[in-house]
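Input: a single structure, listed below in structure tokens.
Residue numbers start from 1 in every chain, and the chains themselves are labelled A, B, ... in the order their sequence lines are given, proteins ahead of strands. On a predicted model such as this, the values are computed, not experimentally measured, just so you know.
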Amino acid sequence: MVNLPDGSKRPIEPGWTAADLAKSIAEGLYRKAVGATINGELRDLFTPLNDGDTVCILKPEDKLSIELLRHSSAHVMAQAVQNLFPNAKIAIGPTIEDGFYYDFDIPDHKLTAEDLEKIEAEMKKIADSNQKLVRFYIPDVDKQIKEFKDQGEKYKAELLEEHRDHEPTLYLMQDKDGKTIWNDLCRGPHLPSTNHIKAFKLLKFSGSYWRGDEKKDHLQRIYATAFWSKKDLEDYLHRLEEAEKRDHRRLSKQLDLFSTHDEVGPGLVFWHPNLATVRAVIEDYWRDEHRKRGYDFVFTPHIASEELYKISGHLESYGENMYSAMDIDGMPYRAKPMNCPGHIMIYKTKLRSYRDLPLRFAELGTVYRYERSGVLHGMLRVRGFTQDDSHIFCTPEQMESEINGILDLIDSLMKTFGYTYKAYLATRPEKFIGSVEEWDQATEALKNAAKSRGLECEIDEGGGAFYAPKIDIKLYDAIGREWQGPTVQVDLNLPNRFDVNFIGDDNARHKVVMIHRAVLGSMERFVGGLIEHYAGAFPLWLAPIQAVILPIADRHYEHADKVAAALKEMGMRVKVDTRSETINYRIREAQLEQVPYMCVIGDKELAADGAALRHRREGDLGILNLNDIKVKFKEEIDSKESK
RNA sequence: GCCGACGUAGCUCAGGGGUAGAGCAACGGUUUCGUAAACCGUAGGUCGCGGGUUCAAAUCCCGCUGUCGGCUCCA
């Protein structure tokens, strides 16, 4: 007997596989079946069943089954590549979000775009020839390793050596007559046959390293994706295009947002007036929120004597990311890579009492870090950036409530910008400093603070920094993409290195607890992400130009100026477009610039002492008098809503 | 940093051994207009930088630089 997902039971005969079960339930189910979950685990359709198993036969429409399709497609791709390039050696080919890739070592050949087409065509041939994918337990691992080595498949040999104790399996790809055409070391599971592979596309190729280690062999990677239907594939490709349209670098050109310059150097961003306005508004909001929550603002210098970073340990542990020293009066100085030591300097100017704590120092602190040239990316990965950095100095007893306060601030800011998020608690890694007790205490505080406000935290075991357990928050934007978000870290290192203390109510010195946190991360990355999140259409409160006044003819200029003046009076950013262009033309320009509101002014509006409002998305909203317009704008700005 | 691709007018792009082309934008003029592109005209580029091959290089070769896609790393 086996259990089915609907709770019913069904008899099986000895030796039956999931496929046999499917057939006994319904011929139609058998025809559609591509795999199964057995006791919750994804398995091949031809996996033998045991009495008491809970079995779910997977059809293409089951969410889990796409994994089988993509993984099997990866093998078809590898086979295709080896057919076309007999010297190619295969490395690994996992599924990833939205697709899969395979790494190859192809001596004497660099993949080209044309190759991708050829490989795709070869894959189609393989898929259409309907090869069976058969699981095969390796009976003699040593023999198989030798065989791999003889074939030159050194990566497979290395992997097998590693997995020799895990019942390693090959997947044999067989033709109609049961003859094995190709095989690959793989844990599986897979589709029963390749004829399900109908809608796939090779997307791009790039370099990679064996095991991600740049000291090891250089490999060529092909990224691809597969779906059950052509339509799903097309929808996906369409989504990719949509995401491309949101690219902040592309929108920057359209909306005049930022630039970088050869003469200046890569990774150094110039904020143009439009984007600087957005940033300034965000910073004002940021300051307000911090002031409300009892933070003190500080400013610290952009360069400092190397001595500071010797004490902090950054020179030793972070030196590779720091710019080389400049000589000032014979002393080496460094550009600031982190704000923490500066904040500690301020803390340490006085003997602090427990009555002074918590102290919350906040700074929009600009730092410079060396990033390898290949990783720079628009505003999202740069060499000079401004962190919304803060360090909270508190007693161990205050730690939990401080973390709670931070999580509250994070929640409030992220909601304002319309992000949803997920939290991860990263615990003590293998290499760490400080004592286990300190780590446990800090980790507990993080955990409890999250728990007390109902924030679910996935545990990232061993994922902490060497000096701190932390809560990392991942953001999800308007189209569901993931962004690195806020972080809260309990620093177990710097208070020791700088000997940061307070006097307790017992009149003794105690080491202070230092919580490091960033909410927006860096202004560059955050605002760059916001551009994509809003697709360039900033909500009214953030928009560089909030409204354009469009007089129809010269005789309406005076009234247009009056409306503009009234809106400016209430602090709005407006402009009057009096260019000698048609009203259609000027509306089109304002639309393309993503201006939230257009105020069209002609004879009727003059008579009504108002304007005809047009919203960039909602279109013509009719004539409103000036006061109603002001009220409407004020409400929308104050609400910070996005529309 | 590594692998691959790319760099032509402000933008988007065409051309490709015989000394540069379109559309949009800009500028000048005409037009005074009712919710996404009025009309006419003008101007604009040592084809990323440096070197080489050649009678001749934007075009072929080499080096550098930047950008893009990844690897890796991270705010």
Side-chain angles (χ1 to χ4, degrees), chain A residues 101 103 106 110-113 115 203-223 244 247 249-250 252-254 256 259-267 318 320-321 337-339 365-389 465 472 483-487 516-526 528-529 550-557 578-593 598-605 612-616 618-623:
Chain A
Y101 68 80
D103 281 346
I106 314 176
K110 301 265 161 73
L111 288 171
T112 64
D115 292 334
L203 298 171
K204 57 197 172 196
F205 52 95
S206 75
S208 65
Y209 304 101
W210 173 234
R211 322 219 105 172
D213 182 344
E214 60 190 81
K215 291 184 201 74
K216 299 205 161 107
D217 289 358
H218 194 266
L219 306 172
Q220 299 187 69
R221 175 173 299 179
I222 301 176
Y223 285 90
E244 219 169 285
D247 190 304
R249 296 163 301 186
R250 178 189 177 126
S252 170
K253 280 183 181 161
Q254 285 166 22
D256 192 12
S259 56
T260 57
H261 304 267
D262 290 5
E263 305 89 313
V264 177
Y318 200 71
E320 280 185 10
N321 292 290
M338 303 258 184
N339 298 305
T366 303
V367 296
Y368 292 88
R369 299 181 184 174
Y370 172 73
E371 295 287 353
R372 303 208 284 180
S373 60
V375 307
L376 300 173
H377 182 92
M379 299 185 74
L380 302 181
R381 193 70 190 278
V382 296
R383 285 178 170 165
F385 55 95
T386 301
Q387 289 181 300
D388 74 311
D389 211 353
D472 279 330
W483 296 81
Q484 186 174 311
T487 180
H516 168 112
R517 45 110 289 194
V519 181
L520 307 181
S522 80
M523 296 311 292
E524 282 72 9
R525 180 175 286 177
F526 187 75
L550 300 171
I552 302 251
D554 296 7
R555 63 182 179 279
H556 309 121
Y557 283 5
T578 53
R579 288 177 305 168
S580 161
E581 299 286 354
T582 61
I583 190 69
N584 280 338
Y585 181 91
R586 286 175 287 156
I587 285 174
R588 179 182 148 83
E589 289 247 304
Q591 286 282 153
L592 292 175
E593 283 168 25
M598 285 144 267
C599 302
V600 178
I601 289 174
D603 292 336
K604 284 177 280 183
E605 291 74 16
L613 265 195
R614 179 191 164 96
H615 183 265
R616 63 185 166 202
E618 292 165 0
D620 192 352
L621 302 174
I623 298 177

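Judged by distance alone, the side chain of A:Glu524 and the main-chain N or O of A:Thr386 form a donor-acceptor pair under 3.5 Å.
Partner assigned to B:rG69 is B:rC3, using Watson-Crick or G-U wobble distances below 3.5 angstrom. Nucleotide B:rC27 has B:rG41 as its partner under the Watson-Crick or G-U criteria, with both atom distances under 3.5 Å. In this structure, B:rA9 forms no base pair with any nucleotide, since neither Watson-Crick nor G-U wobble geometry is met with both distances under 3.5 Å. Both distances falling under 3.5 Å, in either a Watson-Crick or a G-U wobble arrangement, occur for no nucleotide opposite B:rU35. Of all nucleotides present, none satisfies the Watson-Crick or G-U wobble test against B:rA20 with each distance under 3.5 Å. Nucleotide B:rA57 forms no Watson-Crick or G-U wobble pair with any nucleotide shown, as no partner meets the under 3.5 Å limit on both distances. In this structure, B:rG63 forms a base pair with B:rC49, meeting either the Watson-Crick or the G-U wobble geometry with both donor-acceptor distances under 3.5 Å.
Listed pair A:Tyr585 / B:rG34 fails the phosphate criterion, with no side-chain N or O lying under 4.0 Å from OP1 or OP2. Side-chain N/O atoms of A:Ser206 include none lying less than 4.0 angstrom from OP1 or OP2 on B:rG4. An OP1 or OP2 oxygen of B:rG69 is reached within less than 4.0 angstrom by a side-chain nitrogen or oxygen of A:His377. The phosphate of B:rG1 has OP1 or OP2 within less than 4.0 Å of a side-chain N or O from A:Tyr370. The phosphate of B:rC33 (OP1 or OP2) has a side-chain N or O of A:Arg555 nearer than 4.0 angstrom.
Applying the 3.5 Å distance criterion, the base of B:rG1 shares no donor-acceptor pair with the side chain of A:Glu371. Put simply, the side chain of A:Arg525 and the base of B:rC74 share a donor and an acceptor less than 3.5 Å apart. No donor-acceptor contact under 3.5 Å links the side chain of A:Asn584 to the base of B:rU35. In the interface, the side chain of A:Tyr209 is paired with the base of B:rC2 through a donor and an acceptor atom under 3.5 Å apart.
Across A:Arg614 and A:Asp620, no two heavy atoms sit closer than the pair CG-N, 4.1 Å. Residues A:Gly384 and A:Tyr368 approach most closely at CA-CD2, 3.5 Å, considering heavy atoms.
Side-chain proximity of A:Ile587 to the nucleotides B:rC11, B:rA36, B:rU72 is greatest for B:rA36. Closest approach to the A:Arg249 side chain among B:rG34, B:rC68, B:rA75 is made by B:rC68 (side chain taken as heavy atoms from C-beta onward). Checking B:rC3, B:rC71, B:rC68 against the side-chain heavy atoms of A:His218 singles out B:rC3 as nearest. Set against B:rU35, B:rC33, B:rA25, the side chain of A:Arg586 has B:rC33 as its closest nucleotide. Of the candidate nucleotides B:rU32, B:rU72, B:rC74, B:rU32 has the atom lying nearest to any side-chain atom of A:Ala553. Of the listed nucleotides (B:rG70, B:rA36, B:rU35), B:rA36 has the atom at the smallest distance from the side chain of A:Gln591. Comparing atom distances between the A:Thr582 side chain and each of B:rC71, B:rA36, B:rA38 picks out B:rA38 as nearest. When distances run from any side-chain atom of A:Ile552 to the nucleotides B:rG1, B:rG34, B:rA36, the shortest one goes to B:rG34. Nearest to the side-chain atoms of A:Lys204 among the listed nucleotides B:rU32, B:rA36, B:rG69 stands B:rG69. Ranking B:rC33, B:rG66, B:rU72 by closeness to the A:Asp262 side chain, first place goes to B:rG66.
Residue A:Ile583 is classed as a sugar-phosphate contact, given heavy-atom separations below 4.0 Å to backbone atoms only. Using a 4.0 Å heavy-atom cutoff across all strands shown, A:Phe526 reaches no nucleic acid atom at all. Counting non-hydrogen atoms under 4.0 angstrom, A:Ala590 reaches nothing in the nucleic acid. Within 4.0 Å of A:Val367, counting heavy atoms only, lies no atom of the nucleic acid at all. Contact annotation for A:Glu581: base contact, defined as any heavy-atom pair under 4.0 Å involving a base atom. Within the 4.0 angstrom heavy-atom criterion, only backbone atoms of the sugar-phosphate kind lie near A:Gly212; the bases stay farther away. Using a 4.0 Å heavy-atom distance criterion, A:Asp603 is classed as a base contact. Contact annotation for A:Gly521: backbone-only contact, meaning every heavy-atom pair under 4.0 Å involves sugar-phosphate atoms and none involves a base. A:Arg614 comes within 4.0 angstrom of a nucleotide base, judged by non-hydrogen atoms across all strands. Residue contacts shown for A:Tyr318 are absent, as no nucleic acid heavy atom lies under 4.0 Å away. Residue-level contact check: A:Glu605 touches the bases, meaning some heavy atom is under 4.0 Å from a base atom.
A:Arg211 and A:Asp217 are not joined by a salt bridge, as no carboxylate oxygen comes within less than 4.0 angstrom of a charged side-chain nitrogen.
Under the stacking definition used here (centres under 5.5 Å, planes under 30°), the residue A:Phe385 qualifies as stacked on the base of B:rA75.
Using cut-offs of 30° and 60° on the angle between ring planes, the pair A:Tyr101 and A:Tyr223 is tilted.
Ranked by how close their nearest RNA chain B nucleotide is to the 5' end, A:Thr260 and A:Leu520 are led by A:Thr260. The residue among A:Leu219 and A:Arg616 whose nearest nucleotide of RNA chain B is located toward the 5' end is A:Leu219.
Using a 4.5 Å cut-off on side-chain heavy atoms (C-beta onward), A:Pro266 and A:Thr260 make no contact.
Distance CD/A:Glu214 to CZ/A:Arg372: 4.5 Å, rounded to 0.5 Å.
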